[in-house]
Structure formats: C-alpha cells, structure tokens
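Structure first, then comments.
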Amino acid sequence: MDSTKETSNTYKEDLLLRMGLNDNKAGMEGLDKEKINKIIMGATKGSRFYGNELKKEKQVNQRIENMMQQKARITSQQLREAQLQVDRFAMELEHCRDLSNTIVHVDMDAFYAAVEMRDNPELKDKPIAVGSMSMLSTSNYHARRFGVRAAMPGFIAKRLCPHLIIVPLNFDKYRVVSKQVGICLAPTSICSWVSCRIRSQLQMPRQDWPEERRRYFIKTGNSAENGIAPNTMLAKVCSDKNKPNGQYQILPSRQAVMEFIKDLPIRKVRYVILRRQNFCCF
DNA sequence: ATACATACC
DNA sequence: TACTGGTATGTAT
C-alpha cells in the first residue's frame with residue numbers, strides 16, 4: 001500500500017535513529033541535529049559497523065512484521081480475557097502499594113569528566129571527553145554543545161569538534177572517588193547501594209537529606225542530581241528531571257505518583273519493564 | 001538447551 | 001585506522 005518513496009523515507013529515519021545523534025541527554029538541547037547527523041553518517045558510512053547496523057535494522061523490521069501478523073490473528077475473545085487478567089493483576093498490585101519508603105537516587109553528572117576536570121583544572125572550560133579514539137565513555141557539557149557524547153567513537157567526535165581533548169580512562173581514580181561518595185552518603189541512610197562508579201540509591205528518612213549534603217558533590221568538582229520517591233524505579237526516573245544538579249521529589253501519595261507517571265514516556269521505564277519482577281508496583 | 005539479540009551504563 | 005565490555009534479560013530455534 002505504501003509507496004516505495006514513503007517506506008524508504010521511514011527506513012532512513014530508522015537508520016538515523018539507530019546511528020544518528022541521540023540528544024536525549026542533559027546539555028544537548030537545541031543542537032543542530034541535522035548538521036551533526038550529516039557528519040556522523042559521513043564518518044560511518046561504508047564501515048563494517050555500518051554494514052552490521054544495516055543488517056540489524058532489517059532483522060528488527062522482520063520481527064515487527066512477525067508481531068503484526070500475530071496481532072492480526074488475535075480474536076476479540078482472547079483480547080477480553082487478556083484485559084481481565086491485566087485488570088486483576090493491576091488490582092493485586094494496587095493492593096500491595098507501599099509508599100512508606102523514601103528512596104534517594106543520586107546520579108553523578110558526567111562523572112568521569114568531572115573527576116578529570118577536578119584533577120586538571122585547565123580542562124575546565126574546554127570541551128573534553130573521556131575514553132579513546134575508538135570509544136568515549138562520557139563528555140563534559142562544553143563538548144556536548146558539539147554533539148559529542150558518551151558511546152560515541154572518539155574519531156567521529158573529533159570531526160564534530162576538532163579541538164576536543166580526549167582524556168584516557170582512569171578507572172582506579174573513579175573507583176576512589178566513587179568510594180568517597182559512598183562514605184559521604186552512608187551516615188544518613190538506612191541502607192544504600194553504590195554502583196561501581198556512577199549511581200547510588202539510598203533508603204532514608206526524607207529529613208536526613210539536607211541541602212548542604214547535596215552540595216558536597218559540587219565542592220568535590222562533581223554535581224549530582226537526585227530523585228526522591230517512594231520506590232527505586234521512580235527515584236531513578238525522576239532524578240534526571242532537573243539535570244544538571246537538580247533535585248526532584250515525588251511525594252509519597254498515590255495521587256502524586258499517578259500525576260508523575262501520567263505523561264511519562266514509556267521509554268523512560270523500559271529498564272523496569274524488563275526487570276518488572278524485581279519491583280512491586282508504581 | 002542453546003545461541004543470538006537487546007538494553008543498560 | 002578506529003563503533004566498548006560486563007551483566008542481565010528477552011527471543012528464536
């Protein structure tokens with residue numbers, strides 16, 4: 001039914017989504033995406049990586065096609081039964097809704113880059129990235145203005161920003177700083193989990209999260225945004241609501257939670273959907 | 001049961 | 001020249 005032109009257009013869009021700039025990151029608002037994508041595609045075209053991505057794209061389209069066919073075979077009877085099942089499940093979940101916890105999710109902003117800038121202040125007002133010509137782990141906010149971001153190969157980043165400074169990774173250093181952050185957070189929390197380098201989640205009474213503790217991160221050359229919510233999933237999702245270095249709280253009431261998730265893009269909770277068995281309910 | 005694919009950072 | 005690597009999970013066969 002679709003004209004070939006239309007399908008090839010959406011195909012191109014899919015490809016751009018796959019390989020082009022993902023600007024869904026703090027500090028990347030209002031970039032000239034078209035120009036940046038042109039440079040990225042110019043650098044990537046014809047590479048082995050490109051060929052591989054093309055192949056994957058085709059596989060995904062095939063799978064979508066299969067699902068559509070399956071969907072077409074669903075009867076209204078099956079649909080009703082499924083709906084009932086879902087409703088029952090939702091009621092069960094509602095029944096065990098627990099708003100008694102307070103989780104603070106702390107997310108260090110451009111962590112590796114922040115540590116490198118702390119240790120070499122000359123880098124502070126220059127565009128830098130941490131990683132290698134093959135792969136970047138993160139970039140600072142100056143670099144993000146050029147479209148340079150995490151998970152981008154360094155050689156492409158150099159084309160976007162020729163004077164970009166690429167600092168090699170120092171995992172040992174990040175581990176040390178990460179530990180310091182953990183020590184700083186530990187006293188007030190009932191229990192906490194600090195990931196190997198970037199994030200941590202704490203369970204704590206709300207009043208034990210004073211502003212001056214939050215500011216600790218800024219003093220050490222880092223900033224951190226945090227999310228406060230009745231569960232880990234919401235704390236994580238709402239932590240990047242006020243990036244960089246902001247704070248967002250979802251109050252522990254059913255209404256506040258509902259309000260927050262009402263217009264939440266499903267993409268944001270994908271992580272939890274995949275691991276939904278590890279969590280209770282919203 | 002296994003390999004292969006996806007998602008996260 | 002060059003498009004991570006560790007981990008957890010989902011899907012296809």
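Numbered from 1 within each chain, the chains take letters A, B, ... in sequence-line order.
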Expressed in angstrom and rounded to an integer, what is the separation of [X] atom [atom1] from [N] atom [atom2]?
X        : N      : atom1 : atom2 : value
A/Glu65  : C/dA12 : CD    : P     : 14 Å
A/Ile166 : C/dT1  : CD1   : C1'   : 14 Å
A/Leu160 : C/dA2  : CG    : C1'   : 15 Å
A/Phe49  : C/dT4  : CZ    : C1'   : 11 Å
A/Tyr174 : B/dC9  : OH    : C1'   : 15 Å
A/Glu57  : B/dT6  : CD    : C1'   : 13 Å
A/Arg159 : C/dA2  : CZ    : C1'   : 10 Å
A/Gln62  : C/dT11 : CD    : C1'   : 14 Å

Specify the residue among A/Tyr50 and A/Asn66 whose closest nucleotide of DNA chain C lies further upstream toward the 5′ end.
A/Tyr50

Hey, which of these two, A/Ala43 or A/Met67, hits DNA chain C nearer its 5' end, going by closest nucleotide?
A/Ala43

Would you mind listing every salt bridge (Lys or Arg N to Asp or Glu O under 4.0 Å) that reaches into residues 134-162 of chain A, with sequence neighbours excluded?
none

Salt bridge (Lys or Arg N to Asp or Glu O under 4.0 Å) pairs, two or more places apart, involving residues 160-174 of chain A:
A/Glu116-A/Lys173, A/Asp119-A/Lys173, A/Asp172-A/Arg175

Nearest-0.5 Å distance, OG of residue A/Ser139 to CE of residue A/Met28:
6.5 Å

Ignoring hydrogens and geometry, is there a side-chain-to-backbone donor-acceptor pair from A/Gln78 to A/Thr75 under 3.5 Å?
yes

Mind checking the P distance from B/dA5 to C/dT4? Whole angstroms is fine.
15 Å

A/Glu259 meets the side chain to side chain contact (heavy atoms under 4.5 Å, CB included) criterion, sequence neighbours left out, with A/Lys262

So, using side chain to side chain contact (heavy atoms under 4.5 Å, CB included) as the criterion, who are the partners of A/Ser132 when residues are at least two apart?
A/Ser134

Pull out every residue in residues 143-156 of chain A that has a heavy atom closer than 4.0 Å to any atom of DNA chain C, ordered by number, or say none.
A/Ala151, A/Pro153, A/Phe155, A/Ile156

Pair up each side-chain donor or acceptor in residues 250-257 of chain A with any protein partner under 3.5 Å, not counting sequence neighbours, and list the distances.
| from | atom 1 | to | atom 2 | distance (Å) |
| --- | --- | --- | --- | --- |
| A/Ser253 | OG | A/Ala256 | N | 3.0 |
| A/Arg254 | NE | A/Glu94 | OE1 | 3.3 |
| A/Arg254 | NE | A/Glu94 | OE2 | 3.0 |
| A/Arg254 | NH2 | A/Glu94 | OE1 | 3.1 |

If the cut-off is 4.0 Å, is A/Lys236 near the phosphate of B/dC9, judged by side-chain N/O to OP1 or OP2?
yes

For A/His163, what residues pass the ring pair (Phe, Tyr, Trp, His ring centres under 6.0 Å) criterion, not counting sequence neighbours?
A/Phe146

For nucleotides 1-5 of chain B, tabulate all protein N/O to nucleotide N/O atom pairs closer than 3.5 Å, reporting atom names and distance.
| from | atom 1 | to | atom 2 | distance (Å) |
| --- | --- | --- | --- | --- |
| B/dA5 | OP1 | A/Gln59 | NE2 | 3.1 |

Quick one: which residue pairs count as a side-chain hydrogen bond (donor to acceptor under 3.5 Å, both in side chains) with a foot in residues 81-93 of chain A, not counting sequence neighbours?
A/Gln77-A/Glu81, A/Gln83-A/Asp87

